[in-house]
Amino acid sequence: MTFKAAAIQMCSGVDPVKNAADMVRLVREAAAKGAVYVQTPEMTGAVQKDRAGLRAVLRDEPNDIIVKTAAQLAQELGIHMHVGSTAIALDDGKIANRGFLFGPDGKLINRYDKIHMFDVDLDNGESWRESAVYRPGSEARIASLPFAEFGFSICYDVRFPQLFRAQAVAGAEVMTVPAAFTRQTGEAHWEILLRARAIENGIFVVAAAQAGLHEDGRETFGHSMIIDPWGKVLASAGGTGEAVVIAEIDVAAVKTAHDKIPNLKNAREFSLEKIATPAAGGVAA
């Protein structure tokens with residue numbers, strides 16, 4: 001089974017209405033080029049680091065413009081439409097960093113809440129505390145589409161290989177990594193992390209990214225890409241501006257990779273013991 005997948009690169013601003021219009025334009029372009037699965041980046045609806053500004057445009061899931069637009073677009077174009085994520089207002093005052101997958105009939109197939117919160121302190125004073133605003137997810141899911149088994153992650157999740165391994169062991173053939181990587185961390189780790197997750201699990205990786213200088217002053221790394229199970233980059237974008245990245249995915253390549261290097265099957269349970277260093281002149285027990 002082969003199919004065309006597309007990763008949509010955006011530079012979302014603070015206005016969800018404008019971002020929705022940009023999403024529609026880019027997704028239409030991807031579908032016109034034959035893509036039957038289309039993925040947008042993390043925070044498609046709004047890239048806004050000011051908390052008050054973000055809350056001012058937040059809506060709950062039924063009333064979110066990105067969610068409603070994506071469902072309509074999937075049905076109109078007859079594609080599987082994956083909103084990498086958008087910010088959704090929750091009843092407890094927190095926010096969900098939530099992805100949505102819609103089928104060609106416009107119906108919701110899967111939602112996924114980002115599990116790992118980006119709480120980091122980087123060089124040059126750059127600091128992020130997602131856990132102060134967002135409620136982390138706690139459930140991984142695999143969606144069985146007509147052409148492949150899809151697993152889900154969002155951005156910082158890519159640094160947690162156990163999430164990818166669990167889904168690969170459960171049968172995922174394509175892992176999705178919509179993201180808004182900072183330029184600093186992207187330059188250091190973006191491609192190597194994506195290729196590592198593909199290689200160590202023998203799966204395809206589709207990663208749609210935010211790119212460039214955003215209205216809120218944030219700068220994201222871009223370089224959206226699609227990677228095969230052997231770690232080869234099949235298609236990629238640059239570091240700034242919009243792009244539609246498309247690649248043909250041959251799902252049989254997953255089995256081929258697993259047959260060549262069956263590390264999922266060969267994995268073994270093991271114990272771990274920490275050995276104390278003996279005191280000077282002593283002997284370890």
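Only heavy atoms go into these numbers, but all of them, side chains included; no hydrogens, no water, no symmetry mates. The first residue in the sequence is number 1, and the count goes up from there.
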Quick check against the 3.5 Å criterion: does [X] have a side-chain atom that pairs as donor or acceptor with the backbone of [Y]?
X      : Y      : answer
Gln9   : Ala243 : no
His258 : Asn201 : yes
Gln48  : Asp15  : no
Asp216 : Arg218 : yes

Distance-minimising heavy-atom pair for [X] and [Y]:
X      : Y      : result
Gly202 : Val254 : O-CG1, 3.3 Å
Ile66  : Pro16  : CD1-O, 4.1 Å
Ala87  : Ile95  : CB-CG2, 3.8 Å

The side chain to side chain contact (heavy atoms under 4.5 Å, CB included) partner of Val83 among Ile8, Val27, Thr44 is Thr44
Residue of the set Val174, Ile79, Thr176 for which side chain to side chain contact (heavy atoms under 4.5 Å, CB included) holds with Tyr37: Thr176
Rounded at 0.5 Å granularity, tell me how far [atom1] in [X] sits from [atom2] in [Y].
X      : Y      : atom1 : atom2 : result
Leu26  : Glu242 : CG    : CD    : 4.5 Å
Phe181 : Trp190 : CZ    : CH2   : 6.0 Å
Ile109 : Leu145 : CD1   : CG    : 5.5 Å

Crowding at NZ, Lys94 (>12 non-hydrogen neighbours, <6.0 Å): yes
Is the closest side-chain heavy-atom distance between [X] and [Y] below 4.5 Å?
X      : Y      : answer
Glu200 : Arg165 : yes
Val47  : Glu215 : no
Lys33  : Lys4   : no
Pro104 : Gln75  : no
Arg55  : Val133 : yes
Ser153 : Phe164 : yes
Leu194 : Met225 : yes
Arg197 : Met175 : no

Assess whether side-chain contact (heavy atoms from CB on, under 4.5 Å) is satisfied between Ile65 and Thr86, documenting all intermediate values. CA-CA 10 Å; Ile65 187 171; Thr86 198; over 6 Å; no
Please determine whether a side-chain nitrogen of the Lys or Arg among [X] and [Y] lies less than 4.0 Å from a carboxylate oxygen of the Asp or Glu.
X      : Y      : answer
Asp64  : Arg59  : no
Glu173 : Lys255 : no
Asp92  : Arg135 : yes
Glu29  : Arg25  : no

Is there a continuous path of hydrophobic side-chain contacts, each under 4.5 Å between heavy atoms, that joins Val205 to Met1? yes
Between the side chains of [X] and [Y], is a donor N or O closer than 3.5 angstrom to an acceptor N or O?
X      : Y      : answer
Asn63  : Asp60  : yes
Glu149 : Ser144 : yes
Ser12  : Gln210 : yes
Thr2   : Asp250 : no

Does the separation of the ring centres of His80 and Phe147 fall below 6.0 angstrom? yes
Show the numbers, then the answer: is there a side-chain contact (heavy atoms from CB on, under 4.5 Å) between Ile154 and Asp157? CA-CA 6 Å; Ile154 296 173; Asp157 283 334; 4.1 Å; yes
So Phe152 and His82, would you call those rings parallel, tilted or perpendicular, with 30° and 60° as cut-offs? perpendicular
Any idea how Phe160 and Tyr156 line up, ring-wise: parallel (<30°), tilted (30 to 60°), or perpendicular (>60°)? perpendicular
Assess the residue pair Ser85 and Met43 against the criterion (side-chain contact (heavy atoms from CB on, under 4.5 Å)); give the C-alpha distance rounded to whole Å, side-chain angles, the decisive distance to 0.1 Å, and a yes or no. CA-CA 5 Å; Ser85 87; Met43 287 298 147; 4.2 Å; yes
Could you go through Tyr112 and Arg98, starting from their C-alpha distance and side-chain angles, then the distance that decides it, and tell me whether this counts as side-chain contact (heavy atoms from CB on, under 4.5 Å)? CA-CA 6 Å; Tyr112 170 75; Arg98 181 170 293 170; over 6 Å; no
